[in-house]
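Mind looking over this structure? Questions follow.
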Amino acid sequence: MNFSLSKEHEMLRELYRSFTVQEVKPLAEEIDEEERFPVETVEKLARYGFMGIPFPKELGGSGAGNLAYAMAVEELSKACGTTGVIVSAHTSLCAAPIYEFGTEAQKLKYLPPLAKGEKIGAFGLTEANAGTDASAQQTKAVLQGDHYVLNGSKIFITNAGHADTYIVMAMTDKAAGTRGISAFIVERGFPGFSIGKKEKKMGIRGSSTCELIFENCIVPKENLLGKEGQGFKIAMKTLDGGRIGIAAQALGIAQGAIDETVKYVKERKQFNRPISAFQNTQFELAGMQTKVDAARLLVYRAATLKEAGASYATEAAMAKLYASEVAMEVTTKAVQLHGGYGYTREYGIERMMRDAKITEIYEGTSEVQKMVISSAMLK
Amino acid sequence: MKIIVCMKQVPDTNEVKLDPVTGTLIRDGIPSIINHDDKAGLEAALCLKDQYGAHVTVLTMGPPQADKALREALAMGADRAILLTDRRFAGADTWATSLTLASAIRKMDYDLIIAGRQAIDGDTAQVGPQIAEKLSIPQVSYVEDLEVEAGQASIIVKRIFEEGYHRIRVKFPCLITTLAEMNTPRYMSVGGIMAAYNEKQVETWTLDQLDMNPDHAGLKGSPTKVRKSFTKAPKAPGKKFNTEPDAAARLILDALKERFIVE
């Protein structure tokens with residue numbers, strides 16, 4: 001077992017860190033405050049190859065693998081959870097299923113612009129009445145000659161308002177239950193497809209979370225991803241990979257909160273001493289960093305397994321479960337260590353706490369992760 | 001257009017400390033970076049690559065660890081990287097360094113050589129100009145801007161000096177030294193880093209591969225001998241007064257009178 005990073009990964013981390021400090025951190029507060037999607041940051045992410053990290057160079061990617069991808073989401077999320085999830089949803093939930101399940105023609109058409117960041121990707125599974133119970137899909141797709149007609153709507157779709165390419169699940173055979181769900185590649189601009197209401201959220205407020213509306217939406221037959229009835233399997237496999245991204249986002253938020261707290265406790269004085277001199281501060285920080293390091297090992301393990309082509313679903317679920325819970329705990333403690341200042345918007349710590357909460361919910365709640373983990377144990 | 005960029009890997013600090021006993025720089029524990037003026041020179045070369053398809057070679061003399069600085073340059077977009085490394089190069093002053101670099105450059109084709117103005121650890125600003133002297137080519141130092149003229153046989157550069165600037169036309173082949181203020185260097189790219197470690201390589205040249213007198217390399221070939229080096233003793237802390245401007249002016253005047261600086 002090797003716990004040291006390769007020279008490439010060390011250098012990638014240097015790049016991610018300097019990019020985050022210079023390009024991401026200065027905008028974090030503003031995009032949260034204004035609930036604004038950071039278009040200018042996404043353009044720069046694209047220019048430096050952050051939007052297609054794990055995909056091969058021949059398909060427009062950076063050819064750097066899944067660990068390099070997870071590390072990027074981690075480093076970006078240290079300063080801004082919004083920027084982390086933009087990259088994660090784009091990469092894991094849209095580009096990855098096209099790469100893993102697409103035909104050659106679909107890959108050649110859709111992957112290069114996504115991997116180069118010329119186009120942004122999103123993924124639509126959740127509906128108003130189909131959250132954890134994804135089989136309760138109401139969106140329907142009916143084959144009519146050379147195209148499918150989609151009707152229905154999706155909610156809580158990350159990147160929705162700024163995406164160009166969407167992976168959308170819809171029922172092609174209601175009677176077949178989860179085996180009646182199919183996956184489609186839908187482009188912005190397809191007739192009958194529109195973006196609905198934008199959600200006002202507690203955290204990751206710069207990310208564009210909207211409704212997708214399909215009213216007799218025409219999707220060419222060749223945009224069926226995989227075969228009819230494989231949609232649920234594709235969605236679940238896609239979410240397995242996505243969990244590595246969200247786990248990395250949670251990890252980054254947690255480490256970012258610790259880094260800010262370490263700076264703060266050395267400066268903040270009470271009773272004529274910096275509060276870092278108090279044992280309570282020291283012990284809290286020790287516990288926080290130990291948990292974050294444990295989370296990092298789980299995230300890197302899951303990413304490394306995926307990269308090696310081994311099965312990783314359980315490990316990704318563990319990484320996501322643990323990292324998200326650690327992120328919530330660590331950011332809550334970070335606010336506490338900042339005291340009253342932590343509760344204000346001045347230090348950005350309360351933003352990290354708000355951003356952390358979503359990691360326990362989306363791409364499978366903590367409860368779903370426990371279902372995934374225990375079902376592998378008890379089968 | 002063929003460009004050679006001379007770079008130096010330096011400690012990432014302006015607070016270079018000297019070992020009081022040996023008089024050498026203490027590098028332990030300080031991360032290394034590409035010298036700022038050199039990185040601006042690299043960025044200028046990469047802009048010419050973007051615009052004109054120039055071929056960019058980066059060249060450095062240094063210990064084996066300087067490999068990392070060259071990989072970084074490759075990850076930013078340089079085409080070729082050469083590391084001059086040999087124990088016999090160690091301890092070189094600017095004369096021996098420029099001779100070694102010039103000997104390597106003689107083995108290559110070039111139109112333009114770019115070197116940073118000066119290194120943050122040595123601050124001599126001598127190596128670039130000395131390379132040009134040894135190659136007998138024209139040089140322009142302190143360049144803050146440049147444009148290639150039609151025909152790609154000459155450039156017009158903006159040379160900064162204290163009172164203003166010159167605009168100078170200089171024919172290829174030539175050498176310029178660049179200022180960090182010239183531009184903001186690009187980041188490495190993710191794909192560039194992968195290429196720097198997997199597809200591209202850093203060529204290593206030793207003294208044996210250079211056509212130069214071995215006695216002119218390194219400490220042995222350096223006319224400069226450091227007799228003694230020392231860190232300046234810290235100054236006593238100054239006094240701080242928080243007061244109104246009028247009272248402050250009086251305090252300063254009194255202090256100057258006390259030291260007989262004014263009457």
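Residue numbers begin at 1 in each chain, while the letters A, B, ... track the order of the sequences. Small disclaimer: the values here were computed from a predicted structure and weren't measured.
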Just checking heavy atoms, which of residues 61-81 of chain A are less than 4.5 Å from chain B?
Ser62(A), Gly63(A), Ala64(A)
Count the heavy atoms belonging to other residues, nucleotides or ligands that lie under 6.0 Å from NZ of Lys119(A), then report whether that count exceeds 12.
no
Within residues 38-57 of chain A, contacts to chain B at heavy-atom distances under 4.5 Å involve Tyr48(A), Gly49(A), Phe50(A), Ile53(A), Lys57(A)
If you count heavy atoms of other groups shown closer than 6.0 angstrom to OH of Tyr165(B), is the number above 12?
no
Verdict with supporting geometry, Lys7(A) and Lys68(B), side-chain contact (heavy atoms from CB on, under 4.5 Å):
CA-CA 9 Å; Lys7(A) 283 184 178 172; Lys68(B) 184 172 170 264; over 6 Å; no
Residue Lys237(A) excluded, over 12 heavy atoms near NZ under 6.0 Å:
no
To the nearest 0.5 Å, atom CD of Glu8(A) lies from atom CG of Asn198(B) at 5.0 Å
Determine whether more than 12 heavy atoms belonging to other residues, nucleotides or ligands lie under 6.0 Å from atom OH of Tyr142(B).
no
With a 4.5 angstrom heavy-atom cut-off, which part of Ala196(B) approaches chain A: side chain, backbone, both or neither?
neither
Is the CG atom of Asp123(B) crowded by more than 12 outside heavy atoms at less than 6.0 Å?
yes
Would you say that more than 12 heavy atoms from the other residues, nucleotides or ligands in this model lie under 6.0 Å from the NZ of Lys25(A), or not?
no
Does a sphere of radius 6.0 Å around NZ in Lys107(B) hold more than 12 heavy atoms from other residues, nucleotides or ligands, not counting ones at 6.0 Å or beyond?
yes
Atom CE in Met188(B), atom CE in Met11(A): separation rounded to 0.5 Å?
5.0 Å
